[in-house]
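Letters A, B, ... are given to chains in the order of the sequence lines, protein chains preceding strands, and every chain is numbered from 1.
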Amino acid sequence: MNSERYNFKIIEKKWQSYWDSKKVYSTKIDKNKKKFYCLEMFPYPSGKIHMGHVRNYTIGDVLARYKSLNGFNVLHPMGWDSFGMPAENAARQNNLDPKTWTEKNISTMKSQLKILGLSIDWDREISTCTPEYYKHQQEFFLELYDKGLVYRKEQYVNWDPIDQTVLANEQVINGKGWRSGAIVERKKLNQWFFKITQFSEILLNNLDKLKSWPNKVKIMQKNWIGKSLGCEIDFKVESSKNIKKIRCFTTRPDTLFGMSFLALSIDHPISEYYKDNKDFIEFKKLCSTTGTTEEAIANAEKIGFKTDLVALNPLNLENKVPVYFANFVLMDYGHGAVFGCPAHDQRDLDFALKYNLGIAPVVTPDKNDKNFKIKDKAYTGPGFIFNSSFLDGLKVPDESIPKTIEYLENKKLGTKKINFRLKDWGISRQRYWGCPIPIVYDENDNPHKVPKNQLPVELPKINQLESTGNSLDKLNEWKYLTIDKKKFRRETDTLDTFVDSSWYFLRFCSSNNKEYGYNLDEIKYWMPVDQYIGGVEHAILHLLYSRFFMQALGYKNEKFNFDEPFEGLFTQGMVCHETYKDPENNWVSPDDVITKDGEKFLKSNQSKKIIIGNSESMSKSKKNTIDPQKIIENYGADSVRLFILSDSPPEKDVQWSDEGIISSYKFIQKLWSLHNKILVEINKDHSKDTNNNLLIYCDKFIKKMTDNLDRFHYNKVIANLHEVYTFLTKEFNNSFKKETIINTYSKILTTMLPVIPHYASECLYSLKISNSRKWPSYNEENISENIINFVIQINGKKRGLIKVERDIDERKLLELVKKEDNLKKYLEGKIIKQIFVPNKLINLIIKQ
RNA sequence: GCCCUCGUGGUGAAAUUGGUAGACACAAAGGACUUAAAAUCCUUGCCGCUUGCGGAGUGCCAGUUCGAGUCUGGCCGAGGGCACCA
């Protein structure tokens, strides 16, 4: 009998080298098999893997292994999102080049991922910072250029003064750079753009097709694209200046009769007329102090600057209203001008109340209430138009908006217009460590494509980066070149790293294809990604850009047989840990904390008590991280996988706990001693089974495992494993035939393969059964037991539970109920109603 | 301010279509084994009276229903997202 402890160190290594040497997870096209493309968001090689990676890749690995057991041809690749700023920052700090730093990190992290026992096809590994990868990206850039989807324009950009780089709008968080945290400045630069707005409509509409995406993400993207249907209206202006009209965009033309002012953005062209006006300059200054982000301004006071202009209501020329500059109107949406209808827009109402402007309601919620009044809350709900001359009686909003637009168009007063909030994607970055843009400029500053045969434009090697700004721009021997005796200057900006990750899933389908970024046959077989798994922080940027890339690449020549890159999306929660501080308010790592008598102290100075803070997602800045490598070394990969899945559903945050990982480790040890007990039991070879409990339970168990794996309820999968352990420990006090044990137990072990692959492989191996690894099926008939617990309710309350035969009828059951001694006291009186749910419950309504 | 999501024991959570609330695990307490400790195993959601039984109970208040954690309305609280988007 083999009763020694389960030695994960030997066994995990053994199986990992077996999988490696046999290339078990390397994948090829097999048209006889259904494919499954399982992809986790590839990591940025920042140094070492963290628990977030462990969770992300464990979830993906469980799925990949499960699908593979179910007969799918599974593509499960991994790579490195290896361009980006941290490499530059680290290189500056350590006086080395970003390439060396990045390559070292990749090698560390790859070895760490390997000891997790992931079923990854490493033959397809890619790294975005290699010329083999970005060569194709440069080709795509030029393709998009030819298609008119790339353009250059001068624009105000978000300038990060610390990182000396430009940020996309999406990368500015509360007016600060998303990485450096510096307050963002406005600066005018020549920039390259991808014309993502060309696909606004399709990117919006396709969201409906994405049935297996979280609703939350779809709503975020929908809001981001921000389609609104409305109307452009030119307001005639009476003015001493040369101003004839002001164009506004509105989604509520039906409230025109309630107009009492017109408001302009401070950046509106008309502001030119006031640029020398001292009061206006003061006003502009005042606006800038309130900040530009919505949340800061949300509760800020609405303020305005009254001009000497007067605007005319196109539907009622008698109605002449003042024109203001106002802090709540944005220049980069619509035309930077709105008409104010205080009764039906809260901002307009706040503004009107401050400046004593008219508040005329034109929508009433109740058709008969013609005296509807507005106090301090604007009415934006449905209703009927009134006080509006020929518009009166129209139903809001279904009739009123289209009818008003129709009227305005007929009278040539306005034009129906669809507006999107989405802006084009600025892709230029003033950085060294990124993909070079394959463009050169002639002496007149006209851009030219770098010829295809000269691709890739390789990033020149640099020994030491300049302390700030773009080192590439200062590298004259690279920057200036001659083609056909003409002098050129290279584009020294590099591409936003979101470009790198916008097509990597295509590259994985044919990582080694030299001719082109992908091979169309491979794409047609593998794409789309069946399940994409990653953090919700990429809900908008990365996912939207990837969706755009598919549209852009497939655009016109329609090469792809799919619209959307990611069929299914799963966003996993974060890994959290308590935060610790010493009495001096410094963050303390869990490694430096010791527990004594239920209280925590600083390990190096045990008189210092630790202040325990909230559990927050693991981050270096709060020092509440746990190093996965150490945990794997101490407890094994299977224990870590088991724990990271066990406590919370994968889509929610999970708390890391030392007790939890120890408990998972112990559970595997317990499974192992049970396993050895079962091996002994098999050899006893009883001639027949004493009962059929094992068979019934096994089928029930497989059904539960199957259901829970299908629905991503991995925490319940772990619970099922605990249950089957408890069941088996009890059941093996009975005797079963060798055949029965092998049949059921090998199925049970097979279901463990996705979660704890090393352990389950070892157990199956020691059972000496054939190597065919197939997800077990279950017999639905076995699951329905013959004796069931029937719930007895009296007046809606559960009063008893009786064991009866399956499919018992109502009459028979009632007889049994009446015989039950402890139910008799509830049954005094007359049964006036009874509800019978077959095989479940009976509810007796009794009147006393 | 708007949009979305979520409120279940000391804690993380289960409860597929409305039908046995608290599976599974962590912590704590008690018990068993042991000379003792560790390890292991068992018991325990709350309140009330003697093992048993009874009562209340899924953020709060109503409603629908024979029956509500689950459905509807209102309120309170937490988290996430955002663009004052007209």
Side-chain angles (χ1 to χ4, degrees), chain A residues 169 173-174 214-220 222-224 226-228 230-231 248-253 255 263 290 292-300 302 326-330 332-341 344-348 350-351 380 419-423 536-537 539-540 576 598 615 643 646-649 651-655 657-660 662-664 666-667 669-670 673 704 707-708 710-711 713 715-723 725-726 729 789-801 822 825 832-837 839-845:
Chain A
N169 281 328
I173 293 156
N174 292 331
N215 240 337
K216 183 171 74 169
V217 174
K218 287 196 274 188
I219 289 165
M220 279 161 77
K222 192 180 166 208
N223 292 339
W224 192 260
K227 179 182 180 175
S228 51
C231 184
C248 294
F249 175 74
T250 178
T251 53
R252 292 301 302 274
T255 62
T290 47
T292 50
T293 54
E294 84 303 322
E295 232 232 291
I297 312 166
N299 302 313
K302 276 70 190 166
N327 64 342
F328 61 91
V329 183
L330 302 177
D332 55 4
Y333 185 83
H335 302 283
V338 299
F339 79 82
C341 174
H344 306 292
D345 184 295
Q346 191 59 43
R347 288 153 298 156
D348 297 348
D350 293 344
F351 193 79
T380 54
N419 242 345
F420 290 93
R421 173 220 176 264
L422 187 67
K423 292 170 202 145
V536 72
E537 67 271 19
I540 298 170
C576 301
S615 183
F643 173 68
S646 64
D647 265 7
S648 299
E651 69 275 14
K652 287 180 74 174
D653 288 354
V654 66
Q655 306 294 320
S657 83
D658 295 341
E659 291 80 12
I662 291 167
S663 146
S664 295
K666 283 180 185 167
F667 180 59
Q669 294 296 344
K670 289 197 291 189
S673 61
K704 275 198 274 186
D707 286 353
N708 286 328
D710 283 340
R711 289 178 303 151
H713 292 189
N715 55 328
K716 288 193 263 170
V717 167
I718 310 303
N720 295 339
L721 294 181
H722 281 281
E723 281 169 347
Y725 165 79
T726 308
T729 21
N789 287 321
F790 212 98
V791 177
I792 316 301
Q793 290 186 347
I794 316 284
N795 291 335
K797 277 195 176 183
K798 181 191 152 197
R799 292 298 183 187
L801 206 58
N822 44 11
K825 59 181 166 183
I832 55 168
K833 190 168 183 179
Q834 62 194 53
I835 292 94
F836 179 79
V837 184
N839 292 326
K840 217 161 225 169
L841 65 76
I842 188 163
N843 187 7
L844 301 171
I845 308 305

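- B:G63 sits 15 Å from B:G18 when the C1' atoms are compared, rounded to a whole Å.
- B:C41 atom C1' lies 10 Å from atom NZ of A:Lys670, rounded to whole Å.
- Each of A:Val837, A:Leu841, A:Ile842, A:Asn843 was scored for a side-chain contact (heavy atoms from CB on, under 4.5 Å) with A:Val791, with one residue passing: A:Leu841.
- Which of B:A86, B:C3, B:A14 sits closest to the side chain of A:Asn715 comes down to B:A14.
- Of the side-chain N and O atoms in A:Lys652, one or more sit less than 4.0 angstrom from OP1 or OP2 of B:A13.
- Taking atom P on both nucleotides, B:A86 is separated from B:G12 by 39 Å, rounded to a whole Å.
- Between A:Phe328 and A:Phe351, the ring-plane angle classifies as perpendicular under the 30° and 60° cut-offs.
- Comparing the same atom, P, in B:A27 and in B:U40 gives a spacing of 10 Å after rounding to whole Å.
- Distances shown here put a side-chain N or O of A:Ser648 below 4.0 Å from the OP1 or OP2 atom of B:A13.
- With B:C82, B:U20, B:C26 as the choices, the nucleotide that has an atom nearest any side-chain atom of A:Trp224 turns out to be B:C82.
- Contact annotation: A:Lys797 does not reach the phosphate of B:A21 (side-chain N/O to OP1 or OP2, under 4.0 Å).
- Summarising the base pairing, B:C82 is matched to B:G1 through a Watson-Crick or G-U wobble pair whose two defining distances lie under 3.5 Å.
- For the pair A:Lys216 NZ and B:G81 P, the computed distance is 9 Å after rounding to whole Å.
- When the side-chain nitrogen and oxygen atoms of A:Arg799 are compared with OP1 and OP2 of B:G55, one or more of them lie within a distance under 4.0 Å.
- Within the 4.0 angstrom heavy-atom criterion, no nucleotide atom of any strand lies near A:Gly660.
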Exercise for the section: Would you give a per-nucleotide map of nucleotides 62-69 of chain B, 5' to 3', where B means the base has a protein non-hydrogen atom under 4.0 Å away, S means only the sugar-phosphate does, and - means neither? Expected result: ----BS--

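- Atoms NE2 (A:His713) and P (B:U16) sit 10 Å apart, rounded to a whole Å.
- Taking atom CD of residue A:Glu537 and atom P of nucleotide B:G79, one finds them 19 Å apart after rounding to whole Å.
- Between the NZ atom of A:Lys798 and the C1' atom of B:G54 there is a distance of 14 Å, given to the nearest Å.
- Proximity note for A:Thr250 (side chain, C-beta onward) versus B:G19, B:U16, B:A86: the nearest is B:A86.
- B:U11 and B:C46 have their P atoms separated by 13 Å, with the value rounded to a whole Å.
- For the pair A:Ser663 and B:A25, the criterion of a side-chain N or O lying under 4.0 Å from OP1 or OP2 is not met.
- Base pairing of B:G30: its partner is B:C42, meeting the Watson-Crick or G-U wobble criterion (both donor-acceptor distances under 3.5 Å).
- An OP1 or OP2 oxygen of B:A86 is reached within less than 4.0 angstrom by a side-chain nitrogen or oxygen of A:Ser228.
- Here A:Lys666 lies in heavy-atom contact (under 4.0 Å) with sugar-phosphate atoms only.
- Closest contact between the side chain of A:Thr251 and the listed nucleotides B:U16, B:A86, B:A25 involves B:A86.
- Here B:A86 presents its C1' atom at 16 Å from CZ of A:Phe420, a figure rounded to the nearest Å.
- Per the geometry, CD1 belonging to A:Ile794 stands 14 Å off C1' belonging to B:U20, to the nearest Å.
- For A:Glu723, the listed nucleotide lying nearest its side chain is B:C24; candidates were B:G12, B:U16, B:C24.
- Between A:Asp653 atom CG and B:U11 atom P there is a gap of 18 Å when expressed in whole angstrom units.
- Look at B:G31: its glycosidic torsion is beyond 90° from 0, and that puts it in the anti range.
- In this structure, B:A68 forms no base pair with any nucleotide, since neither Watson-Crick nor G-U wobble geometry is met with both distances under 3.5 Å.
- The base-pairing partner of B:A25, taking Watson-Crick or G-U wobble contacts with both distances under 3.5 Å, is B:U11.
- Looking at heavy-atom distances under 4.0 Å, A:Arg252 makes contact with sugar-phosphate atoms alone, never a base.
- Side-chain nitrogen and oxygen atoms of A:Lys218 include none within less than 4.0 Å of the OP1 or OP2 phosphate oxygen of B:C4.
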